[in-house]
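Presented below is the structure to which this report refers.
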Amino acid sequence: MKTYTVGQVIKHTKNLLENDIFLGSMYVTGEISNCKYHSMGHIYFYLKDETGSMPAVMFKGSRLRGLKFKLEDGQAVVMKCSIGMYEKTSSVQLYATEILLAEDKEGKLNAEFLKLKEKLYNEGLFEFDIKKPIPKYPKSVGIVTAPTGAAIQDIRNIARRRNPYVQLVLYPAKVQGEGAAETIAKGIKVLDKMGLDTIIIGRGGGSIEDLWAFNEEIVARAIFEAETPIISGTGHEVDNTIADYVADLRAPTPSAAAELAIPDVMTHIQHLANCRSRLDNNISNRLNIINTRLQVLKAKLDKRSPERTLAEKQQRLADTRDRLQQLIERRLEAAVQRHGTLNERVHTDMDRLVQNKIHRYEINVAKLHALSPTAKLINGFGYISTGTEPVRSVKDVKSGDTIAVILSDGSITASVTDIND
């Protein structure tokens, strides 16, 4: 179960009272009683009639502008005020901004104003549920006001600045004096038949007499019966008329009514342009980020792709083949160099060996030659044989044998004729 503090209840009640459009600014008639002037300049009193009384206060600032006589008990007055709550005592009271004597002309008009206001309120012309919504982006706006007043100029300037594409249709009405209410009502009916998006009615500020045309019942009925949404912008911010209560939307001034009826399209266009620029920048930045990530992922994918792996292996194979070829060439070159060295060494060794062999051969030949029988045949010596056997002794031959005498330059065949022992 949700609970609330007393202060929260008081604050909520105060907000309801202060935000109510009907209670925010109204005219109340009654009699002054228990009137007291405070040393600070405020006036505290009660406003009563035959049915009851309510506490009221008029602060010093409002008193200087809205009170032109001395307020005393027993005076019948028409008081412009709002209703609120004093939080400290949680008491509901009236806050007066203007007080008029009921006997004055202005007071009588206020009395008529309150009477008509009560009548139309009871008939339901002020009900919020029946008020029509104001089009957000109108194409055409009707205006019921004086053709030469400051109000129409202000509306045109605001429309030109906020949305120069909106069509403005002016019904030149009389907004003050005799017959003004009839022309305002007629202008509402004429513009309502034109199928416009919104209608603005109003005029600049003035006294209650100057604004009285907008307090006439004929104007209130025309506003209520119109099918086109109507914005009332009459007088200054502090002024209230019957038209304000019946209209679908109340604006404090004609200029404010124009701002409520005509959206600031140029600001929207600039806002959209700024949004588009920011969106383009965001998209561009996002695309740059995505493109960078894509490049990173692509680089990673390239490193892990079969084609990249095969290319790397082919590159490593080519490098290995080159290194192997270089190694083979270096080893072959070294082998050739060693072969050349060995070949040269072999030739050298062979030459030396041959020379040694030749030298030894020559030595052996010399030795053999020294031992050869033919070597001794030189100088008149010879070698005698019987053909197969050498003759070593005279006993090896006999007379008549044939012998061979071998000399250094040939041989002689001889016959033994004599043997001497």
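Here the shortest heavy-atom pairing between D248 and P229 reads OD2-CA, 3.3 Å. When all heavy atoms of C81 and A96 are compared, the pair lying nearest together is CB-CA, 3.8 Å. Closest of all the heavy-atom pairs between P147 and I152 is O-CG2, 3.6 Å. Closest heavy-atom contact between Y37 and L71: OH-N, 2.9 Å. Nearest heavy atom pair, residue A261 against residue P263, reads O-CD, 3.6 Å. Here the closest heavy-atom approach between residue C35 and residue I43 is recorded as SG-CG2, 3.8 Å.
Between the CG atom in L125 and the CG atom in L116 there is a gap of 9.5 Å [rounded to 0.5 Å]. Note that CG of D280 is 11.0 Å distant from SG of C275, once rounded to the nearest 0.5 Å. A distance of 9.5 Å separates OG1 in T183 from CD1 in I188, rounded to the nearest 0.5 Å. Here CD of Q167 is found 7.0 Å from CE of M194. Values are rounded to the nearest 0.5 Å. Taking CG of L332 as the start and CZ of R338 as the end, the distance is 10.0 Å to the nearest 0.5 Å. Put simply, OG on S232 and CD1 on I201 are 4.5 Å apart, with the number rounded to the nearest 0.5 Å.
Listed by chain and number, the residues in a side chain to side chain donor-acceptor pair (under 3.5 Å) with T386 amount to none (sequence neighbours excluded). Listed by chain and residue number, E118 satisfy the side-chain contact (heavy atoms from CB on, under 4.5 Å) test with N122 (two or more places apart in sequence, or in another chain). For E123, the side chain to side chain donor-acceptor pair (under 3.5 Å) partners at least two apart in sequence or on another chain are R221. The side-chain contact (heavy atoms from CB on, under 4.5 Å) search around K398 returns D401, I419, not counting sequence neighbours. Not counting sequence neighbours, the partners of I358 by the side-chain contact (heavy atoms from CB on, under 4.5 Å) test are V354, E362. For the salt bridge (Lys or Arg N to Asp or Glu O under 4.0 Å) test, no residue two or more places apart in sequence or in another chain qualifies with K131. For T198, the side chain to side chain donor-acceptor pair (under 3.5 Å) test picks out no residue, with sequence neighbours left out. Partners of T417 by side-chain contact (heavy atoms from CB on, under 4.5 Å), not counting sequence neighbours: none found.
Taking 4.5 Å as the limit, every side-chain heavy atom of E216 sits out of range of all side-chain heavy atoms of I242. At a threshold of 4.5 Å between non-hydrogen side-chain atoms, the residues I99 and F45 count as touching. In this structure, the side chains of T228 and L191 stay at 4.5 Å or more apart for every pair of heavy atoms. Counting heavy atoms from C-beta outward, R323 and L327 have side chains that stay 4.5 Å or more apart.
No more than 12 heavy atoms of other residues, nucleotides or ligands shown are found within 6.0 angstrom of OH on Y361. The number of heavy atoms from other shown groups lying within 6.0 Å of OH (Y171) is above 12.
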Please tabulate, for side-chain N and O atoms in residues 153-164, each donor-acceptor pair with protein atoms closer than 3.5 Å (sequence neighbours left out).
| from | atom 1 | to | atom 2 | distance (Å) |
| --- | --- | --- | --- | --- |
| N157 | OD1 | R160 | NH1 | 3.0 |
| N157 | ND2 | Q153 | O | 3.1 |
| R162 | NE | I262 | O | 2.8 |
| R162 | NH2 | E259 | O | 3.3 |
| R162 | NH2 | I262 | O | 3.3 |
| N163 | OD1 | Y165 | N | 3.2 |

N/O donor to acceptor pairs below 3.5 angstrom from side-chain atoms of residues 172-179, sequence neighbours left out:
| from | atom 1 | to | atom 2 | distance (Å) |
| --- | --- | --- | --- | --- |
| K174 | NZ | E178 | O | 2.6 |
| Q176 | OE1 | R203 | NH1 | 2.9 |
| Q176 | NE2 | D210 | OD1 | 2.9 |

Result block: side-chain N/O donor-acceptor pairs under 3.5 angstrom for residues 132-145, not counting sequence neighbours:
| from | atom 1 | to | atom 2 | distance (Å) |
| --- | --- | --- | --- | --- |
| K132 | NZ | A226 | O | 3.2 |
| T145 | OG1 | G202 | O | 2.8 |

Acceptor/donor pairs from residues 283-297 side chains to any protein atom, 3.5 angstrom cut, sequence neighbours excluded:
| from | atom 1 | to | atom 2 | distance (Å) |
| --- | --- | --- | --- | --- |
| N285 | ND2 | N281 | O | 3.1 |
| N288 | ND2 | S284 | O | 3.2 |
| T292 | OG1 | N288 | O | 2.8 |

Evaluation steps, side-chain contact (heavy atoms from CB on, under 4.5 Å), between H12 and L16: CA-CA 6 Å; H12 181 69; L16 290 176; 3.6 Å; yes
Derivation of the side-chain contact (heavy atoms from CB on, under 4.5 Å) call for M26 and L94: CA-CA 10 Å; M26 57 185 176; L94 300 172; 4.1 Å; yes
Test log, rule side chain to side chain donor-acceptor pair (under 3.5 Å), inputs Q355 and D351: CA-CA 6 Å; Q355 293 297 327; D351 291 341; over 6 Å; no
From CA spacing to verdict: side-chain contact (heavy atoms from CB on, under 4.5 Å), E225, D192: CA-CA 10 Å; E225 294 170 1; D192 185 48; over 6 Å; no
Residues M58, M79; criterion side-chain contact (heavy atoms from CB on, under 4.5 Å); working and verdict: CA-CA 10 Å; M58 190 174 201; M79 186 172 70; over 6 Å; no
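Using cut-offs of 30° and 60° for the angle between ring planes, the H38 and Y44 rings count as perpendicular.
A distance-only check finds a donor-acceptor pair linking the side chain of Q8 to the backbone of T5 [under 3.5 Å].
With hydrogens and angles left out, the side-chain atoms of Q270 and N274 include a donor and acceptor closer than 3.5 Å.
Just one residue in the list F126, F224, Y27, F214 forms a ring-ring contact (aromatic ring centres under 6.0 Å, His included) with Y245, and that residue is F126.
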